[in-house]
Structures are given as C-alpha cells and as structure tokens.
Amino acid sequence: MLGSGIINGLIVTAKNFAGSYHDPERMVTVEYPEQKTVLPENYRNFPFLITENATDPMGTLRCVACQICEKECPPQCIIIEKSKDKKPDATGKLQLYPAIFGIDTSVCMSCQICVEVCPFDAIKMDKVFEIATTDRFQDLFLDRERLAKPNSYYHEIHPVEAAEVDGRLLAERKAAEEKAKVAAAAKAAAAAAKPVVTPPPATP
Amino acid sequence: MSAAALTDSFLERAPLALRDWVVNFLPAPLQWLGHHLITIIAVLAVFGTFFAFTTIAERKLLARLQNRLGPNRSGLPWIKGLTLFGLSQPFADAIKTLTKEDIVPAAADKCLHFLAPVIVVAFSLMTFAVLPFGRHLIPVELDAALLYFFAAGAATELAIFMAGWSSRNKYSLLAAMRALAQLISYELPLILSVVPIVLVTSTLSTQNIVLAQGGWTFGFLPHWFVFTPWGFPAFIIFLVAALAESNRSPFDLPEAESELIAGHLTEYSGFKYALFFMAEYFGLTALSGLGVTLFLGGWQAPIAALQFIPSYAWFMLKLIGMLVFFIWIRGTLLRLRIDQLTRLAWQFLVPLALLNVGNAAFWILTASWSGPLQLIRWAISLAIIVIPFILLGRTLTAGYAPRTYRYAP
Amino acid sequence: METLEQIRARLLLAYPAAQITFVTNPGPAAEHSLLIEATHAVEIARWLRDDTALHLDYCSNATGVDWPDKTITDVATTTEPDPAGGPAKTVETKTTRLQPGYLEAIYHLYSIALKQGPVVIRLRTANRTDAVTLPSLTPIWRSCDFQEREIFDLYGIIFSGHPDLRRLLMWDEFKDHPMRKDYVEPDDYEWEPTAHGAVLERAKPHQSAAAAPALKTGGTP
Amino acid sequence: MNPFTPSAPTPFASAPGPTVRAVHDEFHGDLLEVSMGPQHPSTHGVFRMVATLDGEQLVKLKPVFGYLHRNHEKIAENTTYLGSMPYTDRLDYLCSMSTNWAYALAVERLAGQAVPERAQYLRIIMAELTRLVNHSCLVGFLFNDLGTSFTPLLYAFREREKIIDLFESLSGSRMMCNYQRFGGCRVDPTPEWLAAAQQLVDNFPRFLDEYERMLTGNEIMLARTQGVGRLDATHAINAGITGPVLRASGVDYDLRKVDAYGFYAQFDFRVPLGAHGDTYDRYMMRILEMRESVKILQQAFKRLPAGPIMDPKAKLRGFRPKAGEAYGRLEGPKGELGFFLISDGSPNPYRYRVRPPSLINLTLLEEMCLGHTIADAVVILGSIDIVLGEVDR
C-alpha cells in the first residue's frame, strides 16, 4: 500500500536515532581534539631520519647520502647534497653523510617509497600529523636538523617494525664484525709473518 | 478543580495579568496601543527564540538520526570549556550571518531583491496573529481567522517568486518557477483539508474550533478532530500540504540543493539569507500551529486529569511534537520530482480531500446515530476514505514496484 | 579465438588491397598487434566488429603513442685487405639515418558477446607534423568518442570523421599537445620555491615586478 | 544470453531516451542554457555539464572535462614504474586498492612476473573490501542527489569508515593505500587484522538489510529512479560502458568471470544482471554486488593460505621490464579499469595509459538524460558513478 515504504524508512531512522545514544556500532564519532584514536602501528605520515645517538643527532645519522630516495621519490620532494668528507658511522666504517637533507612536506605525498628503497634503514615514516602551520616555506620545508630523530623514538612509534629492523641491523653488523675479525686475523697472521708496526685505526 | 477555577487559575492568566500590569503604566489614551504592541513584542520574542532553538533542535535531531553528534561546541564567549551542549549555536549563527557581507548581484533587480526577504518574513509573521496559543492567549480574535491565515500565508509565494526573479540567476529563476507551481498546487489540498472542520464546527474562528474539540470520552479519549474518520485523513493531507507549503523535504524543490544549488536563495547572503531562513521556519511553525489548532485540539489537554497544566504549555508541547515529526520526515525522505509533485497534488490529494469533504458532510448528517448505528457510521465513514485511498494510491504508484533480479548463468 | 595471423589472413582475403602488417610484441605479455593502413581502417574495423567469428563489439581502450624521429646509427663492418700485405683490417663505417617519427593510435578490441579478445590494432600517421590525420573509429565503436578526443588533445592526431573533435582535457585555447615526447613544459607556472629550486630558476624570467613583492611576503601570487 | 544484435547500431542515430521536442518558437518560449558545474553540489567534483533546458526538460547536455586534469600519464612517463604506484592511488581516490592492483597487474604482465598465492588472496580481499567502500559510498551519494538530507550517505560513510580503518591499520593510510607491489603486496596482515576484517564482513549484511529496508521500497525512491535514464544493452556495449552500469542493462560481462584474473576462478559468486537498464537497476546492481562481495570475502578469509606475500624474484630498486607492451585490466568497482604500458627497457615506462572507466561510462550521458528533467540528470550522473580524479586524470 502507498506509504508502507515511507513508514519503513521512518522506522529505520528512528532506530538509528535511538541507536546513536547507546550503540557504539552506530555512533562512531570521535571528538577530535579532546579524544584521539590510537594510531595503528603501520600508520605513516611524513618521513624522518634516524640517528643512532640522541645526544649527537647530526653526527650519527644513519643516512649515507646515497641519494636513492631522492631519485625514487615520485613527487621529487627530497633534496640531498653529499658531504665532501667522510665520517665514521655506527660500525666505525667511514661513510659519506648528507651535508644537506631536506624534505618539502608540502609536496610529499606520504607514499613511503623512500623508506622501502632505502638500503640503510635510515629513513622511516613518522606519525606526527598535527603539523599545520601558517608559513608554507619556513615551517614545511624540513631540513636535516628537524628531520633527525633518535632510534628510540622510532621504537616508540613503530615498536614491531623497529625491533625487526634493529634485529636485522645487528645481525648484519655481527656478520660484518666477524668478517672483519677474520680479515683482521688473517692480517695479523700476515703481520706476524712480517712484523711491521702499524698505527691502530682511529675509531671513536 | 472546577472548570471555572481552571479558566481563571493563576498560571492561565499570568501572561495577561503581566500585560495589563505593564499597560497600566501608560496614559489612558495610549493604553490600546501598548496593549497591541506588547502582544506583538511577546509573539516576536517567544517565536523568535523558538525559531532559534528550532534550528539547533533540527540540527541536533538530524545529526542523531544520522548517527552524528551535531553542533555541540559553541558555549559562551570568553569562558573556556563551557559548551552548554552547543545550545548557544543559534546565537553564534546569528552573529555570523549579521556580520557577513551582503552581496547583491550586479545584474539583479535591486529593489525587488531587497524587498523579497522583508515581505516573506512580514507575511509569515502575520499568520501568527490568529493562532490561539492558550485559553486566553490569542493575539487577534477574528471571526474569519482561517481565511485570514490562508490569505497571509499565500502572500509568501509572491515573495519567493520575487526572490527568484530578481536575482537574475538561472537557478533562482528555475526555483522561482518551481516554487510557484508547487505552492499554488498545494494551496488547494491545504484549504480543502480544512473545509471539513469548517463544515463540522460551522465557524471560521480558530478559537471556536479549539473549543469545539474540548471534552473527553471516559476522561481520557479527547474529542480532537484527528480521532475522527474524516479528521485523520484531513490531518494527513494537511501534513503533506503543509510540508509542501513550507518547502520542507520531501517537497524542498525550490531549494533543491543537489539540483539548483540553493534555489531562490542562491544569490542571497548574510542577513537577507537569514531572513529567508527565518521566514521558512516561521511559516513552518505557523502551519504546525494551525495543524495543532485544527486537528490536535489546540491548547486542550489530552487527558482530563492533566488540565492543571496551563493551556499554552499544551499548545507549545504539541507544536514541538509537530516540528519533531517534520524533522524526522526530513531526515528520512528523498525529494520528489516536479511533475510527480504536482501529480501528487492534483491526482491524489485534491480528489481525496474533496471526498473527505463529503465524508464530513455524511458525518454531520448522521450526527444523531447512536448505539450500534454509531459503529455503522464509523464503518461507512472509513470506507468512504480508505477505499479511494487504496485505489488512488494504486494509480499513483502504477508501474513502480521493487524488482527481483536474475543472475548470470 | 583465432590467432592474429589467421585474422590477418582472413582480412587480407576480404580486403586484398589493404596493407596489414603483423607487429610482434617482444615482451612477455606477447600481445601482438595488427598495423592497419589508414585508408582501409574504417572498413576493416567494421569487418572486425561484424564478423560472426570475431564479433569484436567492444573497443576497450584507444590510446595514442608518440614515436619521435630517431637517429639510428648503423654500424657496418667491412674487412679491408691491407694493401701493405699485412693481416686484413676491419673497418667500421658508421652511417646515421633518420627514422622519421610518427604518431600511433592503438585500439584494444574485445568481444562481449563471445567473451574473447583482445585484438590490438594500430594506425599510424605519416609523420608528426603535417600529415597527422587518421580515420576516426568512433562511428564503429562509440566508446572511442572521448578517447579519440583525448588523443587529439594530448597527441595532436586529427581523426577525420569524428563527430565532435574538440579538446577534451586541456582548454580550447591551449596550443601544444602535452603528451608528445618533445613537449616543452611552460616554465612560468610555478613560482614557489621547491625542494630542487630548478623550476624556480626557470620561472624567474617570467616573474613580473608586480608579482615580486608578493613572493617576498610569502604570499602565493 | 546477451541481447545483442549481429550488427551494432550506428551511433548517434537515435537517443535511447524519449524523443525530445527542440522547437523554439514564440509559443514554446526560449531555451535556457544552464552551466551546471564546475562548482555544483552534485557533479561529484569539478565536472561541468552544459545543459540546455526547455522548461525543466533537457534538450541538450554537453559534458565538459578537464578541470582536474594534471596529466597523470605524462607524470608517470617521467617517473619509475614503482614511482607511479602512489599516483594511481589518486586516480580513483575512493578505491585505491583496486587501482593499485590494476596497475600492478599491467606491470606484472609487462614484466612477466609471478605473484605468490597468499598475495593473490590478499589482493582479492582488498579489492572486494574496496568494492564495498565504493558501492556503499556511491549509493549514499546517489541518495544525496535524490534529495535526502545526507542520512543514507552518512549511514554509508559510517560503514565505509570501518573498512577504511582496516585499510589504515594495514597499509598506513586510509585512502592512499599504496599497498600493492609488482609481484605481491607490501604488508602482511596480522591474524588480529584478519579477525577484525572477518567480523566486519560478518556484520556487513546487517547494514545492507537496514539500508534496503530504509530506501529500496520507498515509493518516492521508486518513482524517482524507475524508468529514469534508460540505457539499452546494444548502445551500452557499443559505447564501451562497463561495470555495474553495463550489467544493469542486462549484459553479462564481469571481468572477474571473463578474464578470471587473480584467483577469481576459484571463488563461487554470482553476477547480478538488470533488465531495464534504468537508474533503479543501476542502484540495485550495487546493492546485489555488495552482497556477492561479502560472499567472496567470506570464502577468501576461509581459504587464505600461508606463505610469502612477495615474489622472491621481484625487484624494488632498478626495476626495468624488457621492451614490449601489455594491457592489464580488471573489474574495478566503477567498471573496467585498464592500464596500457609500453616499455623500452628503461626504468620509466615509455607509454603509460590509464583506461578510465569513469570517463568512458560518461559517453552516453547525454543520450541517457535527454527528455528527462534537470533533477533526473543529476540522479543519472550519480548512478553512473564517476570520480573526477579518474575522469580528468
């Protein structure tokens, strides 16, 4: 009969009206500044650079300025300039470091490709999203100093992923050390055969 | 409590007493003026506030229907953290619209463009003059109150057309044409739905119509016209026509947001826009008030035992009920198309309303039937309206039905 | 479904005058295609659509490709006997020739009725400058309507017989065809510093004196 | 059986809609040309229709495109294969998962790359969840065009929000998922994620039932949509219209069945078909397809195998497919979404082409709208389901 469909509709909306007071399945609103949802582990926003040591962020950047991310970045928002000199990295190996590392976050589209292509696990995705500012040039172009965040922070925001990355790095380092040890032993053997005093390499 | 005591109870007379007390301060030759001015100010103040809270109620109710929270942020200025459930939202809105720039299109007819919102508010407010808000509260007691109400109500159509025409905007023009077609089409069922009441009560005075609905059977069945076999269909027709007359969903064609941007309001901004908005709500409130007066017993209490509550409170409660129903409808239904809209009026509502007039005539003729005849009277009266409703409904929805679907083999 | 060679053979039977070349696709997808000469393209397309065995009633995709002029260096090695009587010397003679460029329209045809496909056909223009007209297949498959307009817009192929050949995505006053490989981007659109700044450098000559203060205050002109 | 005729009709011969009076004399008055868009509440973005009206009736309607054009194809030709993946998210921003898959599919065809079984299942799960997102949104927006005060749209958004939260916890982003990779998927879902998704899918039919109760039988809805915007099968096929719009016209053509890409051949689901090809059929196709998607998802969760999610041979850096070309297509929520790629052996595609279903489905918009009123034009446009990110690219 004419009107039954309309009455059905009215019943549904009335149900939803009542449901909005007691049913969390229906009332899904989160009142943002006061309440916040828990960001999932995989949440990504803008990239940041990992430093090994919080006290000396610029000295212990994992980034070695290989510029792969700069090349792969789809919107071309990363700018890297290699350093002229080399600094030892966490394992003591001499590496280049980025003299300039900038990310234009107003261009960045949070695609995470820089993270995926980085062979050194030096760049990771941040979770900070309340970054609205009034100055697009000064505040959204992040330089090296503002991008660098310690590894502990990475553990804080992506615990599972960070643990996996650290495990892998540790294993790699161990393997490298062992290799170095073997090499050193061979060298030592060679040195024992022909004793020459060599100054130890400067390791900090 | 006796009826006389009720009539003169303090609460019932309080508004009048207050008015007389104020008027007495004036010199005697000016007292008649003060009397009327105070009435006007009271109606404006009460219904202005009522309008403000209708807007917030509509937004909150719609939000809840849609599983949202609705506006709940605005509090008081300079007090942080006090949000008052967002109840001060209408005042914030008012300040916003008042401080907005008033933009008039360069090609617009400036005079008409300015006049339209003024006229629409003026005429929609004029309709309040004849509504009996309480036992003693009626701004003007007119003998031909109903005629006056419809005459004043119909003038708003002109204003809407003026708005659409003067804006020099194609959307506005389309909306103006739609508004004219719609409002004129629905004047007819609106007035025809009221005719049975005039027939039965043989009066055009709203106060007398309310008085005719007084009394209860067994003390709890009120003698409201909506509970009669001719009154209920008339009430439904009245509701549909009232929705259409006040441009509310599902008949919001002149403003059809998804088709015509904002219809006749496209080129209005700031205060003028607010005036249209206000007029729309005033119109809706007035029509709801008329519906309450004509069908829902006006200021009469639903149960005899509840008569101690003052009559104007009952009126307002019923009015709020009507408005909530309108909001509920708005939150559920979708919009008709213009041809379907006029078809609904001319092929469905008008014939039904005409039949209903005959139904009321039958009711009057058989007023003397009692006992078992009373049941027969009800049955015949119901048949007069239900059978045409089903038949007309079928022709109206002919060809439209939910379908079943096949699947690829 | 028939193989592309079979289709080609049947087409050649139906249209002996037409030139239909088999274009192999070296990639793993091995979607080979038929290069159809422009003069017979409409009849062949209609035949493909109406043939009962193929019934390619659905043109899924129509797209343009730009193949610019290519200089191909042929290296010919010849052995010259040493006049001095020594071992024969191999001499490389390099000849460069210019392979003229062309524009190409590629159509991917499927059959919805018989649920088969794809058959890929290609049409090529004579060059990239003045002889860029191809017959429109819109009268055969209406789905080419917007796609051919897009090819006209972005590549500059003129489809004769198209009912409404206007630019689709770029505005009507736009001059160039942006998808061509030799298209030079305008350098006056980006005025803001970017990470690389190169665009800004190119934009500098375009910046008028009036716009400069806006840039200083950080506003976007 | 397809209602095709052996010889397809010549296009432009006659419009599928009712015949239209286009007389312009003193008795009939002037025609009114209204430019609907680019800023208009119901053109679903910056789309423009130049409509010529005779009263309320449409006598001409010309779509105008390009307001959101950014030459996505040119950008992709200057970017690596991988670098285009996040850009495909932005094509059809409601269904980034299936757009990702379409691109990955085309590149995998181009490079001849294999995809592990678990990744195939995950892709199907994501694609079907996307279909739920897209169809529920579409239906909500359609009702908005029909003039509801946002109620059905917000119910649809409520459900969509739950799915999008799942996407966020899996891929890190709500809409720009960037989830698929050539040769697999990027992240492996945890068991908790799968349980949450399973629960969501279990609850989804309840929402559909409520939705249908609210509006499918509504008299106004029936009157507004039945018989409006008819599209017959022959015209639809000839105009390359795909997806639910084509199936609403009664043509059995679902690439999930026809091409059986991914692992769809192993799933048991049905393809609903309309009979009238009007707006109501197009609406019901979406509802019925959502019910079928729920079925597919239930099967996928039950059978999801363990294993790697990336092909071990897949290369992230320095990906250079051999020279050649490939056309990969799949049944996106809006229709056939195809990617045509030509490789010349370099890291960037030589030619990158998107076959946008949204754009091509608009081919017959004018014919569908003619003779109807302006209110219907809005509804017909809504029922076609376009996303301007994809139309204009």
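Throughout, protein chains are lettered first and strands after them, A, B, ... in sequence-line order, and every chain is numbered starting at 1.
- Contact of B:L396 with chain A is made through the side chain alone, with heavy-atom distances under 4.5 Å.
- A cation-pi arrangement is found for B:R64 relative to A:Y21, the charged atom lying closer than 6.0 Å to the ring centre and inside a 45° cone about the ring normal.
- Interface remark: B:R394 contributes no atoms to any contact with chain A (heavy atom separation under 4.5 Å).
- When heavy atoms are compared at a cutoff of 4.5 Å, A:A18 does not approach chain B at all.
- For the pair B:I56 and B:P71, the minimum side-chain heavy-atom distance is below 4.5 Å.
- Only the side chain of A:E34 comes within contact range of chain B, with at least one heavy atom under 4.5 Å from a heavy atom of that chain.
- More than 12 heavy-atom neighbours from other residues, nucleotides or ligands sit within 6.0 angstrom of OH on B:Y405.
- Heavy-atom contacts from other residues, nucleotides or ligands closer than 6.0 Å to CZ of B:F85 number 12 or fewer.
- The aromatic rings of B:W363 and B:W378 sit perpendicular, their planes meeting at an angle over 60°, well past the 30° parallel limit.
- Residues B:F50 and B:L323 are in side-chain contact: their nearest non-hydrogen atoms beyond the backbone lie under 4.5 Å apart.
- In this structure, the portions of B:L65 lying under 4.5 Å from any heavy atom of chain A include both its backbone and its side chain.
- Note on A:L10, A:T29, A:N16: by heavy-atom pairs under 4.5 Å with chain B, the leading option is A:L10.
- With a 4.5 Å cut-off on non-hydrogen atoms, B:L333 touches chain A through its side chain but not through its backbone.
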